[in-house]
Colleague: 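Please see the structure below; I have some questions.
Both ligands and their constituent atoms are indexed starting at 1 by order of listing. Model, not experiment: these values are computed from the prediction.
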Amino acid sequence: MRVVVTRRIPETGIEVLRRAGYEVRIWPGPLPPTREELLQFAKDADGLLTLLTERIDAKLLDALPSIKAVSNMAVGFDNIDVEACTARGVVVCITPDVLTETTADFTWALILAVARHVCEAADAVHRGQWRTWEPLGFLGQDVAGATLGIVGFGRIGQAVARRASGFRMRVVYTDREQRPPEIEQQLRATFLPLDQLLAESDIVTLHVPLTPETRKLIGARELALMKPNAMLINTARGAVVDTDALVAALRDRRLWGAGLDVTDPEPLPADHPLLQCPNVIVTPHIASASEVTRARMAQLAAENLVAALRGERPPRSLNWDELHRKG
Ligand code: DGY
């Protein structure tokens, strides 16, 4: 068996693949392979270990007919056309759970950093602008006691909610699929329809996957519902937010701030208007980037791939059941 890994990943994952006896080809560049490069590099491969930077669609699969499994080292899978994979008998796997806590931690890093101008203030010190204690300098918003609105109450949304109790916050959430009463009770979280959540929250944090239904879920209309001193946090996918509408809201100071680990487009060019807006922190899609978590993601992605190529049920597959349903 020959497998292709589309970038250098933590060794834990590579070891799993080598121990399985596979020939492992690792894309050596610091940037993702282009479509053409990937087609060449993955010729005759049986499996792909991909990242969210690779688009896996019908065209690619048709050009690489030897591929039997695609294992994404991510919980999100908007880069993969799962239907096209299933139609061609290709197993698709992802890496949920292992990154939940790390992503929730980072969401809180952004909440606190935006609320209290942490990056701006630290930059000022680096630039030699700390002249005195300023009674009016870097005034932020209180997080303790504020209302936290969570859009998408899956694993990561719930982990974010769990951390809010120390801040004595009112937690409200919205979710299209679930309203779990025992979790609501445990986390003291109240369900609200999206519009009401936007109108009542001081901090709105996004934790939905990117699907046709959630693309530009937060647009001009939704931003206009938010309080002028509210902030928007996004560690999910950039395209869940209408970037132009967000730029307009921030520029006109109709929104107090934004903390974005994901953007549309990604990467965000240094001259993008979003970076000229007041009180915006943009980080380069690093919410899951802790040493331990990335190692676990690599390991799970590799274990998924090995199982799929052996014809065994992978630990976390999106379409194994569908592919193996009898009749
Ligand atoms: C994911 O897993 O989908 C994140 O965006 C990267 O960790």
Side-chain angles (χ1 to χ4, degrees), residues 5-14 16 27 30-32 48-57 69-82 85 92-111 150-160 175 177 205-218 232-241 243 258-268 281-305 314-319:
V5 182
T6 57
R7 210 92 58 80
R8 285 184 52 234
I9 61 169
E11 268 308 303
T12 47
I14 303 301
V16 170
W27 179 253
L31 295 177
L48 291 178
L49 196 156
T50 52
L51 308 181
L52 50 83
T53 41
E54 281 74 60
R55 200 160 43 79
I56 307 299
D57 54 19
V70 175
S71 181
N72 216 28
M73 193 180 121
V75 65
F77 52 90
D78 46 284
N79 59 315
I80 299 180
D81 183 340
V82 181
C85 288
V92 181
C93 304
I94 54 171
T95 61
D97 299 322
V98 290
L99 48 68
T100 300
E101 301 301 331
T102 303
T103 305
D105 283 353
F106 193 79
T107 302
W108 274 94
L110 283 181
I111 291 173
I150 301 176
V151 180
F153 208 49
R155 288 172 288 251
I156 297 173
Q158 290 175 21
V160 170
D175 194 286
E177 273 157 31
T205 180
L206 306 177
H207 301 286
V208 290
L210 179 62
T211 65
E213 292 75 40
T214 62
R215 187 171 287 276
K216 298 198 177 174
L217 178 70
I218 306 298
L232 181 71
I233 305 296
N234 191 4
T235 55
R237 283 293 181 269
V240 173
V241 177
T243 305
L260 310 169
D261 184 49
V262 288
T263 54
D264 179 26
E266 213 170 276
L268 195 71
I281 297 178
V282 179
T283 50
H285 205 146
I286 57 165
S288 68
S290 79
E291 289 180 8
V292 167
T293 290
R294 285 286 166 85
R296 286 189 181 143
M297 289 167 71
Q299 183 173 342
L300 178 54
E303 287 169 353
N304 276 333
L305 191 57
R316 303 311 295 256
S317 170
L318 291 170
N319 63 351

Colleague: With heavy atoms under 4.0 Å as the rule, classify the contact between V262 and ligand 1 as side chain, backbone, both or neither.
Modeller: neither

Colleague: Can you tell me if T293 uses its side chain to pair, donor with acceptor, with the backbone of S288 under 3.5 Å?
Modeller: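 No; zero donor-acceptor contacts below 3.5 Å.
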
Colleague: Which atoms of ligand 1 are found less than 4.0 Å from any heavy atom of G76?
Modeller: 1 (C), 2 (O), 3 (O)

Colleague: Within a radius of less than 6.0 Å around CZ of R215, do more than 12 heavy atoms belonging to other residues, nucleotides or ligands occur?
Modeller: no

Colleague: Measure the shortest side-chain to side-chain distance between V75 and R155 over non-hydrogen atoms and say whether it is less than 4.5 angstrom.
Modeller: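 Yes, their side chains come closer than 4.5 Å.
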
Colleague: Do any heavy atoms of R237 fall under 4.0 Å from ligand 1?
Modeller: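 For ligand 1, residue contact (heavy atoms, under 4.0 Å) with R237 is present.
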
Colleague: Please identify which atoms of ligand 1 are closer than 4.0 Å to at least one heavy atom of M297.
Modeller: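 Ligand 1 atoms under the 4.0 Å threshold to M297: 7 (O).
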
Colleague: Just which atoms of ligand 1 are under 4.0 Å from any heavy atom in L99?
Modeller: 2 (O), 7 (O)

Colleague: Within ligand 1, which atoms have a heavy atom of L52 less than 4.0 Å away?
Modeller: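 Those qualifying, in numeric order: 5 (O), 6 (C).
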
Colleague: Atom 2 (O) of ligand 1: which protein heavy atom is closest, and how many Å away?
Modeller: V75 N, 2.7 Å

Colleague: Report the C-alpha separation of R7 and T53 in whole Å, then their side-chain angles, then the decisive distance to 0.1 Å, and conclude whether the side-chain hydrogen bond (donor to acceptor under 3.5 Å, both in side chains) test is met.
Modeller: CA-CA 10 Å; R7 210 92 58 80; T53 41; 2.8 Å; yes

Colleague: Heavy-atom pairs closer than 4.0 Å: do any link ligand 1 to the side chain of H285, the backbone, both, or neither?
Modeller: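 The side chain, only.
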
Colleague: So does I94 get a backbone contact from the side chain of N304, meaning a donor-acceptor N/O pair under 3.5 Å?
Modeller: yes

Colleague: If you apply the rule side-chain hydrogen bond (donor to acceptor under 3.5 Å, both in side chains), what do you find for T103 with T235, and how did you get there?
Modeller: CA-CA 8 Å; T103 305; T235 55; over 6 Å; no

Colleague: For ligand 1, which atoms have a heavy atom of A74 less than 4.0 angstrom away?
Modeller: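 Here the atoms of ligand 1 in question are 1 (C), 2 (O), 3 (O).
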
Colleague: Do side-chain atoms of T214 reach the backbone of L217 as a donor and acceptor pair under 3.5 angstrom?
Modeller: no

Colleague: List the closest protein heavy-atom neighbour of atom 7 (O) of ligand 1: residue, atom name, distance to the nearest 0.1 Å.
Modeller: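 Of every protein heavy atom, S288 OG, 2.6 Å lies nearest to atom 7 (O) of ligand 1.
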
